[in-house]
Protein chains: 2
Amino acid sequence: MIIGQSGGATAVINASLVGAVEAALADQRIGGIYGMHHGIEGLLKEDIIDLGNQPNSVWSQLLHTPSAALGSCRYKLQEHDLERTIEILRRYDIHYMLYIGGNDSADTAHQLAGAAQQSGYELFIISIPKTIDNDLPFTDHCPGYGSAARFLAQATQDSTMNTLSIPWHYPVKVIETMGRDAGWLTASAALGKRDESDAPHILLLPEKPFHEQSFLTQVEEIYKKLGFVIIVAAEAIRDENGNALGSAGQAGLDAFQHPLLSGAAQYLVELVKRELKLRARFDKPGDLQRMSSTHISIPDRNEAYLVGKMGVHALLAGESDKMITLVRETQSPYHCTTGLADLGQVANVQRLMPAEYLNETKTMVTPAFYEYALPLIGEPLEHHTQLEMTRIRS
Amino acid sequence: MIIGQSGGATAVINASLVGAVEAALADQRIGGIYGMHHGIEGLLKEDIIDLGNQPNSVWSQLLHTPSAALGSCRYKLQEHDLERTIEILRRYDIHYMLYIGGNDSADTAHQLAGAAQQSGYELFIISIPKTIDNDLPFTDHCPGYGSAARFLAQATQDSTMNTLSIPWHYPVKVIETMGRDAGWLTASAALGKRDESDAPHILLLPEKPFHEQSFLTQVEEIYKKLGFVIIVAAEAIRDENGNALGSAGQAGLDAFQHPLLSGAAQYLVELVKRELKLRARFDKPGDLQRMSSTHISIPDRNEAYLVGKMGVHALLAGESDKMITLVRETQSPYHCTTGLADLGQVANVQRLMPAEYLNETKTMVTPAFYEYALPLIGEPLEHHTQLEMTRIRS
């Protein structure tokens, strides 16, 4: 059996690796456990690691180690790669493959399954879902999302505490999240919000084209009411012409006449300062939202382990060209089992936020979203106390 | 007694408040415990809160709540404010004051002590140190620094894990920290580094003017050796002419001809892309480094509590116009007691990083810095495991 990790890493993708390796070690039908060093790109270079002889302590420690221990890749298979991959698998006598990744990785796995069948090589291949973007279809959610969501929810609450200490110092704050096309990550920043005045106040999701005037009006209204405004914006929001905010043309040129890509948060901060004359600044957690070892969601890690393990079970049951899915069996207590989806239907399909999870203006989430997402981030967030503001008079 | 919080908030500044209130509640000589809502700025508006009648649960919960529960301010006292403050204190029969803050707050406290003496009003006033910048003199370190340092050290290790998953995807990463004049915060990002190849590889501190060519040469050398480079930069680094990186003139104008302040990290990323043709991006944790409730250092919180409590003891012992300091008694086991410093000597003095904590090029810290700073961040950081890369051959 060979296992690979592919695409953007997450805080729990190694748990899937551990789940798979432990299941494989427990079954005598699997004679050797190999790892692709940097996914399919490494496999093509025959950069293959022995996973059967690691020190025992590695596996328990990897459960707490973010990122992809095997090394990941972002490699798009070329036509001739397929034949070469099958040739390599044949040479190493590999007939089982697990590929842990998102949409692109599912596509890679699906192509390999087709190529093996075409060349008459017996290969069972299962894809293990993983993406902080939470945009794979057919699965209730994606391992990796819960931990990133926990980070963003807690970070939004924590960072807002600083604004509250002197609201008039920097009354407007933008927190920039990842998320190219789907707003799941951005939306998760609201999971610590308990009432209307709580942060965040505005979500800017990739699903909705950015409209400058509506945005400014909304910021101004909230500022007048609360004295501060917390905005969480996806890095990839686009205007109505499809241009990313802060891309060339909008952010201008640098001193050397190169286009300056300021990014969405920087752009929004400048916009608010210029048009509303309000002091504004931004946080951009960047890779931290993928990797924070102190925000790992326990159910997320457990499920990442589960889908890895169930991938091995599916292979041994003769399944192939499928992705393991998470199936929500009960909501209270929250519990998921796993299922299977055809890779041909999964590959290159993106699941965006459904309408029922967004309010009318698509700038805030609905109670249905909380019901969906809260169980995924694990134990309750740290909620912060306030003093009772009883005034003294002389 | 009245207590105020002032300046930038920290993750543990409320622990100082709790320490002070609990010590005050325990002493019958103090008849009432008041809080300034938003520091001296609130006091001037007679916005005063009753701290003697809070629900009991508030104090234990505030120990875990980042930011300034009383509200903070960044207000520079005007000449006529002094007289007015004394008048208000007289009206409320307040003779003890604790002011929790950094340099500016120490200056405020010192001015008030002088004004009280001049007008013959009996006022005991003690300043409680607090700043993530760690730049107050006479104290071993400042409460608030340990938790921010823990955040930056862990965040740098965690975020680097993402770079390691595919080093060639974005081989250069800049992490931007706070820190206007002193490099303590930026330096703390190195506290998880165990050997030369570990991140971070370059620190850009405010203490050292930025020199573009040396920087680019260093980035290129490290990239050639390791295949990736992690840079931690203070937001306020300046070039040899004293201009902040990314300030107007360097970052250019936006589409509306307004100067674009891109910030140091954004500037460095563009510089590396342009001059070295390497893909680069940045994380800017922003307010999170002050506020992260999941990175609170236990010794930091305990010491914040201690300096609050000792502030009350000092007041009751008849001390005034002084700041509580932390005194490192033993290094192993690490233990601090408290002392006192004259506010007249503290106010407006900034303690920068001493030469012994920096290497020759001032781009990395020395073993002496680890010895100084590691005890402040509390229990060991999460260190991340790697697989043994034993290759398989066909």
Side-chain angles (χ1 to χ4, degrees), chain A residues 9 34 48-50 53-54 58 61-62 64-74 91-92 154-155 158-159 161-162 164-166 169 250-256 258 260 262 266 270 274 282-288 290-295 382 384-392 394, chain B residues 9 34 48-50 53-54 58 61-62 64-74 91-92 154-155 158-159 161-162 164-166 169 250-256 258 260 262 266 270 274 282-288 290-295 382 384-392 394:
Chain A
Y34 303 160
I48 301 171
I49 299 161
D50 188 356
N53 279 313
Q54 299 284 328
V58 160
Q61 285 171 21
L62 275 185
H64 303 270
T65 297
S67 190
L70 284 172
S72 187
C73 71
R74 289 176 181 271
R91 190 144 13 103
Y92 287 80
Q154 185 71 64
D158 285 353
S159 181
M161 291 302 285
N162 196 54
L164 290 174
S165 73
I166 323 179
H169 187 45
Q250 288 185 304
L253 302 175
D254 70 9
F256 300 85
H258 294 82
L260 198 76
S262 70
Q266 176 82 49
E270 298 302 327
R274 188 173 68 230
F282 71 97
D283 299 343
K284 179 185 158 81
D287 287 342
L288 259 187
R290 292 187 174 283
M291 292 288 114
S292 180
S293 55
T294 57
H295 294 83
E382 295 273 353
H384 303 317
T385 299
Q386 291 187 326
L387 289 167
E388 282 190 9
M389 291 292 163
T390 317
R391 295 307 193 285
I392 298 237
S394 63
Chain B
Y34 301 161
I48 302 170
I49 300 161
D50 188 357
N53 280 313
Q54 300 284 329
V58 160
Q61 285 170 22
L62 275 185
H64 303 270
T65 298
S67 190
L70 283 172
S72 187
C73 71
R74 290 176 181 271
R91 192 146 11 104
Y92 287 80
Q154 186 71 62
D158 285 353
S159 181
M161 291 302 285
N162 196 54
L164 289 174
S165 73
I166 323 181
H169 187 47
Q250 288 185 303
L253 302 175
D254 70 8
F256 302 85
H258 294 83
L260 198 77
S262 69
Q266 176 81 50
E270 297 303 326
R274 189 174 67 231
F282 71 96
D283 300 343
K284 179 185 158 83
D287 287 342
L288 257 188
R290 294 187 174 283
M291 292 287 114
S292 179
S293 55
T294 55
H295 293 84
E382 295 272 352
H384 303 318
T385 299
Q386 292 186 325
L387 288 168
E388 282 191 9
M389 290 292 163
T390 317
R391 296 305 194 286
I392 298 239
S394 63

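Letters A, B, ... mirror the listed sequences (proteins, then strands); counts begin at 1. Since we're looking at a predicted model, the values are computed, not measured.
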**Q** Can you tell which part of R290(B) gets under 4.5 Å to a heavy atom of chain A, answering side chain, backbone, both or neither?
**A** side chain
**Q** Please flag which part of L70(A) lies under 4.5 Å from any non-hydrogen atom of chain B: side chain, backbone, both or neither.
**A**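 Answer is both: backbone and side chain atoms of L70(A) are under 4.5 Å from chain B.
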**Q** Who pairs with R391(B) by salt bridge (charged side-chain N to carboxylate O under 4.0 Å, His left out), at least two apart in sequence or on another chain?
**A** D47(A)
**Q** Which residue out of G71(A), A68(A), P285(A) racks up the most heavy-atom pairs below 4.5 Å with chain B?
**A**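 Highest number of pairs under 4.5 Å: P285(A).
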**Q** Hey, which of T390(B), D50(B), L387(B) has the most heavy atom pairs under 4.5 Å with chain A?
**A** L387(B)
**Q** With a 4.5 Å limit on heavy-atom distance, are the side chains of H64(A) and T385(B) in contact?
**A**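 No - every pair of side-chain heavy atoms lies 4.5 Å or more apart.
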**Q** What distance separates D287(A) CG from S292(A) OG, expressed to the nearest 0.5 Å?
**A** 12.0 Å
**Q** What part of Q386(B) lies closer than 4.5 angstrom to a heavy atom of chain A: side chain, backbone, both or neither?
**A** backbone
**Q** Should the pair H295(A) and H295(B) be assigned to parallel (<30°), tilted (30 to 60°) or perpendicular (>60°) ring geometry?
**A** tilted
**Q** Is there a side-chain contact between V58(B) and E388(A) (heavy atoms, below 4.5 Å)?
**A** no
**Q** If I measure from the heavy atoms of chain A, does E382(B) come under 4.5 Å with its side chain, its backbone, both, or neither?
**A** side chain
**Q** Out of R91(A), Q154(A), M389(A), return the one with the most heavy atom pairs under 4.5 angstrom to chain B.
**A** M389(A)
**Q** Using a 3.5 Å distance criterion without hydrogens, assess whether the side chain of S165(A) forms a donor-acceptor pair with backbone atoms of S67(B).
**A** no
